[in-house]
Amino acid sequence: MSSSAGAVRAILDRLGVAPEPCAVAIGALSKTGTAPRARSRSPIDGTTLAELALASPADVAAVVDAAAESFRRWRAEPAPQRGELVRRIGLEFRAHKEDLAALVSYEAGKIREEGRGEVQEIIDICDFAVGLSRQLYGLTIASERRDHRLAEQWHPLGPIGVITAFNFPMAVWAWNTMLALVCGDTVVWKPSEKTPLCAIACQTIVARVAQELAAPPALTSLVAGGADVGQTLASHTGLPLLSATGSVRMGRAVAQTVAARLGRTLLELGGNNGAIVAPTAGLELSMRAIVFSAVGTCGQRCTSLRRLIVQRSIANTVLDKLRTAYARLPIGNPLDAGVLVGPLVDARAFYAMQHALEILRASGAVVHGGERIVGALPPDAYYVRPAIVEVSGNEPIVAEETFAPILYFMRYDELEQAIDMNNSVAQGLSSAIFTSDVREAERFCSASGSDCGIANVNMGTSGAEIGGAFGGEKDTGGGRESGSDAWKAYMRRATNTINYSRELPLAQGIRFDLD
């Protein structure tokens, strides 16, 4: 057993995960006897962490049926009691924060601080959801009819399907699951095939708390499988809502399948995020924000900064500062102290990055960095130097999202031009402007400014707080998760009209007399 595999096994032992992890999460649900197997591989050194039995499409029906049965019990629990379960889940994640953060690093390749931040997001959304459990407010509406009460109520929706990506193997699941639980729903989760151990650890914690509180047994369920399992979930009529995070291509397939059965989707898809640097920007603050947004998680966030749009008068200064900062970046084992950039998730991500850089060089773009780092680092892992690429902005590949640390550097003359450049791509997730001019800041955040779901001023494109609704427009899918009123996606709305008079007046003054 490799050192990484041994460390992960020790973490799973402390978390109470069974020696055969699938026994907790999948094995009891698999009825086919022909479950495919897959390997969990660490991006840190390329070693195999575990070999796991996956679910197959044939297993999905039984999982959804169990979730539906548990939903019939769970929806009847008072919302504050549902909140108590989520509070207890939050306490468990607090108690195991360091182990869970390390597991994220081993399986997803995030640096230690980002792993801790991911687990903290789970804790924060648990706190948010607990408060929400006493605030699932409806409305009382003025009725046009005498002695009538018109009101809206929100009710649990049903079993919710959740599909998540490797780059946030725990947090995005929690955004969906903790809100769904307090809303009275149950959850069926398909995690990324690249991070199954993170999913199994989360599922184990929730199952343990649910058992302690005598909650329904299939409150949350895990179906770890491939794209065929995801499509089976999307087509299942027993899941009124499917929340999916991933590529635009995946989102289109899911959306078409769910729409064909008139189900609901909550889609968080690609981001091709831009940031504008105005002449009045504070460059020290801007540099820190830009570098974190561009190279954090080795450029593998949906909110990673892809396009930097700099006013021409300061462009050379900004470029020089960026190149200096990039040259100093500590790159290496994400578990080591001081490292700021860990590995790409796998070989496929590396070759996609190199393919994009080859296209850019052929187009005449100036590429700084981007090469693979070899030598002291493990040969079966993919560590790269983040790239800065000087472009005009008209290159077709700039409009695409390459899930790697490539930062396109472009120049603008007037603010309106910069906003147009920001809005020129099909994706619309996150955006930012660095400026000390309040008029520029307000213009960027106005209806005629950034067309993204997130528009930040004097901070980068990544690192959203859980209190705000998270999501984007256009090809990003239009969904909203986490804070604000995102809870409404997990519920159904009923309009109630109650006549407490002895008459039957009709709306709009219609008369319909039988005598």
Side-chain angles (χ1 to χ4, degrees), residues 17-41 48 50-74 157-166 169 173 176-177 180 185-204 206-207 210 216-247 249-267:
V17 176
E20 171 57 45
C22 299
V24 172
I26 303 163
L29 301 175
S30 179
K31 305 299 182 186
T32 65
T34 58
R37 299 187 72 80
R39 291 179 178 177
S40 169
R41 172 192 171 280
T48 297
E51 187 173 312
L52 307 167
L54 298 180
S56 69
D59 298 318
V60 170
V63 177
V64 175
D65 286 347
E69 180 63 29
S70 291
F71 168 68
R72 285 186 277 274
R73 283 181 51 193
W74 186 240
L157 184 59
I160 306 302
V162 177
I163 299 174
T164 58
F166 79 88
W173 159 80
N176 286 274
T177 299
D185 304 324
T186 54
V187 174
V188 177
W189 178 23
K190 190 200 96 63
S192 168
E193 306 96 296
K194 297 178 182 179
T195 51
L197 297 179
C198 287
I200 290 169
C202 292
Q203 170 69 8
T204 299
V206 173
L219 197 65
T220 64
S221 305
L222 187 63
V223 281
D228 54 350
V229 169
Q231 278 298 106
T232 304
L233 288 173
S235 63
H236 202 296
T237 57
L239 299 173
L241 170 67
L242 190 74
S243 174
T245 302
S247 69
R249 179 183 56 80
M250 179 275 286
R252 289 190 193 281
V254 165
Q256 291 170 13
T257 302
V258 176
R261 62 176 175 85
L262 299 182
R264 301 188 199 176
T265 54
L266 196 168
L267 300 175

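This one's a predicted model, so the numbers in the text were calculated from it and none came from an experiment. Quick note: numbers below take in every heavy atom, side chains included, and nothing from hydrogens, waters or symmetry partners.
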Can you confirm whether [X] sits close enough to [Y] that some side-chain heavy atom of one is under 4.5 Å from a side-chain heavy atom of the other?
X	Y	value
P217	R73	yes
L157	R264	yes
I163	L242	yes
V162	V188	no
L241	T265	no

Does the [X] side chain pair with the main chain of [Y], one donor and one acceptor, at a distance under 3.5 Å?
X	Y	result
S70	A218	yes
T195	C198	no
K190	G225	yes
S192	K194	yes
D59	S56	yes

Within 6.0 angstrom of R39 CZ, more than 12 heavy atoms from elsewhere: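 At most 12 heavy atoms, drawn from other residues, nucleotides or ligands, come within 6.0 Å of this atom.
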With a cut-off of 3.5 Å and sequence neighbours excluded, list every side-chain donor-acceptor pair involving residues 227-236.
from: Q231; atom 1: NE2; to: T257; atom 2: OG1; distance (Å): 3.0
from: T232; atom 1: OG1; to: D228; atom 2: O; distance (Å): 2.8
from: S235; atom 1: OG; to: Q231; atom 2: O; distance (Å): 3.3
from: S235; atom 1: OG; to: T232; atom 2: O; distance (Å): 3.0
from: H236; atom 1: ND1; to: G238; atom 2: N; distance (Å): 2.8

OG1-CD1 distance between T186 and I160, expressed to the nearest 0.5 angstrom: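 Rounded to the nearest 0.5 Å, the OG1-CD1 separation comes to 7.5 Å.
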Inter-residue atom distance T245.OG1 - L267.CG, 0.5 Å rounding: 8.5 Å
Could you give the side-chain donor-acceptor pairs of residues 61-68 under 3.5 Å, partners two or more places apart or in another chain?
none

Under 3.5 Å side-chain donor-acceptor pair for W189 and T220: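 Absent: no donor and acceptor within the cut-off.
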